[in-house]
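Working notes, structure below.
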Amino acid sequence: MRLGRLGYYADFVVYPLAVAGLAAAGLYSTDMVRWPNWFAAFVGGFAIWTLAEYLLHRYVLHHVPFIKDMHDAHHADQTALVGTPTWLSFVIVVAFVFAPMYALTGLLVATGITAGVTLGYLCYVGVHHMVHHLPSRPGSYLTAMKRRHMLHHHFDEQLNFGVSSGFWDRVFHTDIAPSEAAAARR
Ligand SMILES: [Zn+2]
Ligand SMILES: [Zn+2]
């Protein structure tokens, strides 16, 4: 969805505060002896996000009607301020992550998992923004992510779905290395 400047950058203000708020709520709700449980849930939530990032991009952004049109707008104009409004991603995280986890496991694990998922989402939005808007140093992580995402945009949009890492593309064999893309052009 095309967003105004305020709407586009809101994630970068709201979500760091949400992660901090979730950490405070989870950790203050219990004794220090149970804090490792919170951190385990947090790391688990972050890992879950990396898979969600891959699956959402592969099966939702490129296939589901209406959502696909909005993602196509990003493919058509890569530097336009196109994204998911913060209120919408917030509602989705509360409804599909926090609420079920709270019902199943209670506040400690629910806040940990939700904080991990939220931080993962923030990394995804941040890396995707930097890939399209910022210069990168040769050999850096950002250059590597830029290369693989540009192949998604310009070589084959059914490959390289991961934006913040190529891990799940390698697992599901949707990864394309720059050398392969160069070979295919010859
Ligand atoms: Zn992109
Ligand atoms: Zn795409």
Side-chain angles (χ1 to χ4, degrees), residues 1-16 18-19 45-93 95-97 116-185:
M1 188 177 300
R2 223 165 249 276
L3 301 169
R5 288 186 82 75
L6 199 65
Y8 181 81
Y9 290 107
D11 281 352
F12 301 111
V13 178
V14 172
Y15 286 134
V19 172
F46 190 87
I48 289 167
W49 167 260
T50 65
L51 179 60
E53 173 186 309
Y54 176 87
L55 296 174
L56 288 170
H57 191 186
R58 181 170 181 181
Y59 295 108
V60 177
L61 298 187
H62 278 278
H63 290 284
V64 176
F66 185 62
I67 296 174
K68 182 183 184 309
D69 296 342
M70 291 192 284
H71 189 62
D72 284 347
H74 166 62
H75 272 259
D77 186 355
Q78 294 177 31
T79 52
L81 301 183
V82 171
T84 306
T86 307
W87 67 265
L88 182 58
S89 52
F90 192 90
V91 167
I92 290 170
V93 168
F96 292 101
V97 183
V117 167
T118 304
L119 184 67
Y121 178 72
L122 187 62
C123 290
Y124 155 72
V125 176
V127 170
H128 191 232
H129 173 77
M130 291 191 284
V131 157
H132 286 294
H133 295 267
L134 297 187
S136 61
R137 273 183 299 110
S140 65
Y141 161 78
L142 186 56
T143 298
M145 292 306 107
K146 223 175 217 184
R147 263 204 206 113
R148 65 187 320 284
H149 193 60
M150 286 307 128
L151 289 171
H152 171 74
H153 272 281
H154 300 290
F155 181 69
D156 187 341
E157 59 180 49
Q158 292 307 314
L159 296 169
N160 281 7
F161 294 102
V163 172
S164 58
S165 95
F167 178 79
W168 294 107
D169 282 295
R170 285 192 287 280
V171 170
F172 296 116
H173 304 292
T174 52
D175 191 41
I176 179 148
S179 55
E180 282 176 64
R185 264 192 223 111

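Order of listing sets the numbers, starting from 1, for every ligand and every atom in it. Values below: every heavy atom of this structure, side chains too, minus hydrogens, waters and symmetry copies.
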### Task
With H152 as reference, evaluate H75, Q158, E157 under the side-chain hydrogen bond (donor to acceptor under 3.5 Å, both in side chains) test and give the passing residue.
H75
### Message
Regarding H75, does it place an N, O or S atom less than 2.8 Å from the Zn ion (ligand 2)?
### Response
yes
### Query
How many degrees, to 10°, between H57 NE2 and H71 NE2 as seen from the Zn ion (ligand 2)?
90°
### Query
Are any side-chain N or O atoms of E53 and backbone N or O atoms of S164, one a donor and one an acceptor, separated by less than 3.5 Å?
yes
### Query
Got a donor-acceptor contact below 3.5 angstrom from the Y15 side chain to the F90 backbone?
yes
#### Entry: N/O/S atom of H74 inside 2.8 Å of the Zn ion (ligand 1), strictly under
yes
### Query
For the atom pair CG (L56) and CD1 (I67), what is the distance rounded to the nearest 0.5 Å?
9.0 Å
#### Entry: Residues H153 and H132: side-chain donor-acceptor under 3.5 angstrom
yes
### Query
When you draw lines from the Zn ion (ligand 1) to NE2 of H149 and to NE2 of H153, what angle lies between them, to the nearest 10°?
90°
### Query
Can you give me the NE2-the Zn ion (ligand 1)-NE2 angle for H132 and H128, to 10°?
90°
